[in-house]
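Have a look at the structure below, then the notes.
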Amino acid sequence: MKKLRFKGVITVFAGLLAFVPLVAFENGPLLYLRADFGGALTTPFISDESLKKLNPKAEKMTGIMSGLLMSGEVEGGYVFSSNRFFGLPKNHPFSGVGTFACLGVGQGNTAQKITADTGTGKVDTFISINFMPVVNFGVTGKAYFFSNRLALGLGIGGRMIADTRPSYLYYFSDPSLDTKVGEIIITEEMMKKMNPLMASVKGLIEYNIPIVNTTDIILGWYTRYNIYRPKYLTAPGDLAKQANLNDPVPDYWLNSLDFGLSVGFAFKL
């Protein structure tokens, strides 16, 4: 009986596969709806001179990892078939190229570790600031292979921090010091002085799984490097009182490396 049931399941599954297209879309306009799940590694830079102005006891600043970050993105563009536009045979591994514009909204994070000599020993301060929303935008070029099943992409664009009340968490390597959580209030004056924009370069790999003639499931991996110079340093209230945050810091960079998984749909229009 169990063997008959198993054979029945296999038969039904095989029947369903008969209706699934064996190749992805060939060419034409496409609309992607995608969700990203990943993290970010902050890679800060600040000169020793500027760091001492912010905190005379500080010795160095390094980056740390964020928690899980999520975002959503809409991407629209056109795929040019290598057979139709470049004269290659239909069974050629290189199957096409695509150009796309994208717009997304999601979470952002900057996370740093500042090491200071207190006189009785070194103490690490860990600061994590979360932003929501962060707006992503840009353009992407993609090369498609194996009947448009596999796509390799490279994009350039920017990100804008649109959060005026980012949340923070900071804690210390010294267990006798308390962990603090709260919000940083970005005043109108700070908005005028600080730079909310960062440039980004993104690489991606996507695998398209056809489900009907006009729709594919997209599974992918992305890596994005963000270049960001905020011009001023922000810090939670208690830490801000200990530092000089009124003067611009031109050599202060809060670059970051994002990476993660993408899941979504591609619709042929």
Side-chain angles (χ1 to χ4, degrees), residues 31-44 63-77 100-112 126-140 153-170 180-204 206 218-237 239-240 245 252-267:
L31 177 68
Y32 283 86
L33 299 179
R34 184 168 42 237
D36 295 337
F37 306 89
L41 171 65
T42 304
T43 57
I64 56 178
M65 281 287 299
S66 73
L68 176 65
L69 302 176
M70 295 181 287
S71 62
E73 191 170 76
V74 177
E75 187 178 64
F100 297 88
C102 60
L103 179 66
V105 177
Q107 297 172 302
N109 173 272
T110 59
Q112 305 146 269
F126 300 89
I127 307 171
S128 179
I129 301 177
N130 293 306
F131 305 94
M132 177 65 188
V134 175
V135 179
N136 309 312
F137 54 91
V139 293
T140 304
L154 182 64
I156 57 173
R159 309 187 79 200
M160 182 178 72
I161 299 173
D163 190 355
T164 59
R165 301 176 69 93
S167 62
Y168 69 80
L169 161 70
Y170 73 86
K180 298 291 181 68
V181 295
E183 290 184 339
I184 298 176
I185 308 301
I186 307 298
T187 64
E188 186 174 346
E189 181 182 358
M190 293 171 67
M191 291 181 195
K192 293 178 181 179
K193 294 193 302 182
M194 296 186 65
N195 173 30
L197 292 173
M198 60 186 80
S200 64
V201 179
K202 182 179 181 180
L204 58 88
E206 294 177 337
I218 308 300
L219 303 177
W221 170 267
Y222 70 90
T223 301
R224 177 174 53 218
Y225 191 70
N226 308 299
I227 302 172
Y228 180 43
R229 187 175 70 170
K231 295 184 180 180
Y232 288 82
L233 185 140
T234 57
L239 296 180
L245 306 183
Y252 176 49
W253 296 83
L254 269 180
N255 302 340
S256 60
L257 177 67
D258 301 343
F259 50 88
L261 299 174
S262 297
V263 180
F265 294 93
F267 301 97

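Hydrogens, waters and symmetry mates are skipped; everything else that's a heavy atom, side chains included, is used. Computed from a prediction, not measured in an experiment: that's the story for all the values here.
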Please examine the side chains of [Y] and [X], heavy atoms only from C-beta on, and report whether any two atoms are closer than 4.5 Å.
| X | Y | answer |
| --- | --- | --- |
| Asn109 | Ser128 | yes |
| Met198 | Leu254 | no |
| Phe131 | Thr110 | yes |

Problem set entry | Main-chain N/O of Ala111 paired to Thr42 side chain as donor or acceptor, under 3.5 Å | yes
Exercise. Between Ser66 (side chain) and Ala40 (backbone), is there a donor-acceptor pair under 3.5 Å?
Worked result: yes
Nearest 0.5 angstrom please: [X] [atom1] to [Y] [atom2], how far?
| X | Y | atom1 | atom2 | value |
| --- | --- | --- | --- | --- |
| Leu68 | Met70 | CG | CE | 5.5 Å |
| Glu183 | Asn130 | CD | CG | 11.5 Å |
| Leu41 | Asn255 | CG | CG | 11.0 Å |
| Leu261 | Phe37 | CG | CZ | 9.0 Å |
| Trp253 | Lys231 | CH2 | NZ | 10.5 Å |
| Asp258 | Gln107 | CG | CD | 11.5 Å |

Exercise. Under the salt bridge (charged side-chain N to carboxylate O under 4.0 Å, His left out) criterion, do Lys202 and Glu73 qualify, and how do the steps go?
Worked result: CA-CA 14 Å; Lys202 182 179 181 180; Glu73 191 170 76; 3.6 Å; yes
Looking at every non-hydrogen atom in both residues, tell me the closest pair between [X] and [Y] and how far apart they are.
| X | Y | value |
| --- | --- | --- |
| Gly106 | Ser71 | CA-CB, 3.5 Å |
| Ser256 | Thr43 | N-OG1, 3.8 Å |
| Ile129 | Pro166 | CG2-CB, 3.8 Å |
| Tyr228 | Leu197 | CD1-O, 3.4 Å |
| Asn226 | Ser200 | OD1-CB, 3.2 Å |
| Tyr32 | Ala266 | CE2-CB, 3.7 Å |

Exercise. Does a salt bridge link Arg224 with Asp36, judged by any charged N lying under 4.0 Å from a carboxylate O?
Worked result: no
Exercise. Does the side chain to side chain contact (heavy atoms under 4.5 Å, CB included) test come out yes or no for Val74 and Leu33, once each step is laid out?
Worked result: CA-CA 5 Å; Val74 177; Leu33 299 179; 3.8 Å; yes
For this session: Verify the neighbour count for atom CD1 of Ile156: are there more than 12 heavy atoms of other residues, nucleotides or ligands below 6.0 Å?
Result: no
Problem set entry | Lys193 atom NZ, over 12 foreign heavy atoms within 6.0 Å | yes
Exercise. Between Tyr232 and Tyr252, is a side chain to side chain contact (heavy atoms under 4.5 Å, CB included) present by the stated rule, with each step listed?
Worked result: CA-CA 8 Å; Tyr232 288 82; Tyr252 176 49; over 6 Å; no
For this session: Show your working on side chain to side chain contact (heavy atoms under 4.5 Å, CB included) between Val201 and Leu154 and close with a plain yes or no.
Result: CA-CA 8 Å; Val201 179; Leu154 182 64; 4.2 Å; yes
